[in-house]
Amino acid sequence: MINAYFFYSIAHTLFKWKIPLLPKLFKLLCFFLYNSSIPYQCKIGKGSTFGYGAIGVVIHKRTIIGKNCVIGTNITIGGRSGFQDVPKIGDNVYIATGAKILGPITIGNNVTIGANAVVIKDVPDNAVVAGIPAKIIKYKNE
């Protein structure tokens, strides 16, 4: 099925092959179709999906997202003023609609981020976070 991840994967492959213009065209096409900014320079693991084709998703170009992640609509993953680094997201992470993940933080594996949460601190493995700013509300059972 054609969605934003499809366009991202083509653009990212062309970028790795050092083809100059085509990755930018695929990013632009993705922006026009899904109103999202998913740069071809970021790294998104295999099996990751975007809810509803990634409508309203904004990702920083240096972000690293692990395998099998689910990213909802209207998500922002990016930097914070005064910080150079951007988020690193582990494997099997579920990011609900409207969440913001900002700054030089690390999100562990098997994490659930609640709707409209603003995550500005590291999140350990197997945690569920929610709120503004996001706080751990429970840990998933192993």
Side-chain angles (χ1 to χ4, degrees), residues 1-17 19 21-142:
M1 180 169 178
I2 295 178
N3 56 27
Y5 185 80
F6 174 78
F7 291 117
Y8 157 78
S9 62
I10 292 172
H12 185 70
T13 302
L14 294 170
F15 173 70
K16 288 193 301 188
W17 291 347
I19 297 173
L21 185 60
L22 288 177
K24 293 177 184 176
L25 292 175
F26 276 99
K27 182 184 179 217
L28 189 61
L29 181 63
C30 184
F31 177 76
F32 283 130
L33 292 176
Y34 299 103
N35 194 28
S36 61
S37 176
I38 305 169
Y40 50 85
Q41 299 97 326
C42 70
K43 296 176 184 167
I44 301 174
K46 291 195 184 274
S48 294
T49 59
F50 292 98
Y52 296 98
I55 295 172
V57 172
V58 177
I59 300 176
H60 192 279
K61 68 180 181 179
R62 291 190 318 263
T63 299
I64 299 171
I65 299 173
K67 299 174 190 166
N68 302 315
C69 293
V70 178
I71 302 168
T73 60
N74 296 312
I75 302 294
T76 300
I77 302 172
R80 274 175 56 198
S81 179
F83 296 99
Q84 180 66 24
D85 292 335
V86 295
K88 293 180 179 87
I89 299 172
D91 298 335
N92 305 309
V93 174
Y94 176 79
I95 305 170
T97 297
K100 312 296 181 243
I101 303 171
L102 306 170
I105 62 173
T106 301
I107 307 296
N109 297 324
N110 306 309
V111 169
T112 300
I113 298 173
N116 297 315
V118 178
V119 184
I120 55 174
K121 293 183 181 176
D122 290 347
V123 179
D125 292 348
N126 303 309
V128 178
V129 297
I132 303 172
K135 295 178 181 147
I136 297 171
I137 57 173
K138 74 176 194 175
Y139 286 95
K140 297 179 183 178
N141 294 333
E142 292 288 326

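If you're wondering where the values come from, they're calculated on a predicted model, not measured in any experiment.
Put simply, the side chain of Thr63 does not reach to within 4.5 Å of the side chain of Pro39, judged on heavy atoms. Side-chain contact check for Lys24 versus Tyr40: some heavy-atom pair is nearer than 4.5 Å. Using a 4.5 Å cut-off on side-chain heavy atoms (C-beta onward), Thr76 and Leu102 make contact. For the pair Phe7 and Tyr34, the minimum side-chain heavy-atom distance is below 4.5 Å.
The shortest non-hydrogen separation linking Gly72 to Val57 is O-CG2, 3.4 Å. In this structure, Pro124 and Val111 approach most closely via the heavy-atom pair O-CG2, 3.3 Å. Taking every heavy atom of both residues into account, Cys30 and Ala4 meet most closely at SG-CB, 3.6 Å. Closest of all the heavy-atom pairs between Cys69 and Ile89 is SG-CG2, 4.4 Å. Minimum heavy-atom separation, Ile101 to Pro87: O-CG, 3.5 Å. A pairwise comparison of heavy atoms in Ile75 and Ala96 identifies CD1-O, 2.9 Å as the closest pair.
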Candidate pair Ile77 and Ile65, rule side-chain contact (heavy atoms from CB on, under 4.5 Å), full reasoning: CA-CA 10 Å; Ile77 302 172; Ile65 299 173; 4.1 Å; yes
Pair Gln84-Arg62, side-chain contact (heavy atoms from CB on, under 4.5 Å): steps then yes or no: CA-CA 10 Å; Gln84 180 66 24; Arg62 291 190 318 263; 3.6 Å; yes
Candidate pair Ile95 and Val119, rule side-chain contact (heavy atoms from CB on, under 4.5 Å), full reasoning: CA-CA 11 Å; Ile95 305 170; Val119 184; over 6 Å; no
Stepwise side-chain contact (heavy atoms from CB on, under 4.5 Å) test for Asn110 and Asp125: CA-CA 6 Å; Asn110 306 309; Asp125 292 348; 5.7 Å; no
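Proximity of a side-chain donor or acceptor of Asn109 to a complementary backbone N or O of Gly90 within less than 3.5 Å is not detected. In this structure, Lys100 contributes its side chain and Gly98 its backbone to a donor-acceptor pair below 3.5 Å. With hydrogens and angles disregarded, a donor-acceptor distance shorter than 3.5 Å links the side chain of Asp91 to the backbone of Lys67. For Ser37 (side chain) and Phe31 (main-chain N/O), no donor-acceptor pair under 3.5 Å exists by modelled atom type. Using modelled atom types, no side-chain atom of Asn74 and backbone atom of Thr97 make a donor-acceptor pair closer than 3.5 Å. The backbone N or O of Ile44 lies less than 3.5 Å from a partner atom in the side chain of Tyr8, making a donor-acceptor pair.
Of the inter-residue distances, the one linking Ile105 atom CD1 with Ile120 atom CD1 reads 8.5 Å to the nearest 0.5 angstrom. Taking OG of Ser36 as the reference point, atom OH of Tyr5 lies at 14.0 Å (rounded to 0.5 Å). Note that NZ of Lys43 and NE2 of His12 are 7.0 Å apart. Values are rounded to the nearest 0.5 Å. Here the straight-line distance linking atom CG of Asn68 with atom OH of Tyr94 works out to 15.0 Å at 0.5 Å rounding. Thr112 contributes atom OG1, which lies 13.0 Å from atom OH of Tyr139 (distance to the nearest 0.5 angstrom). Rounded to the nearest 0.5 Å, atoms NZ (Lys61) and CZ (Phe15) are 8.5 Å apart.
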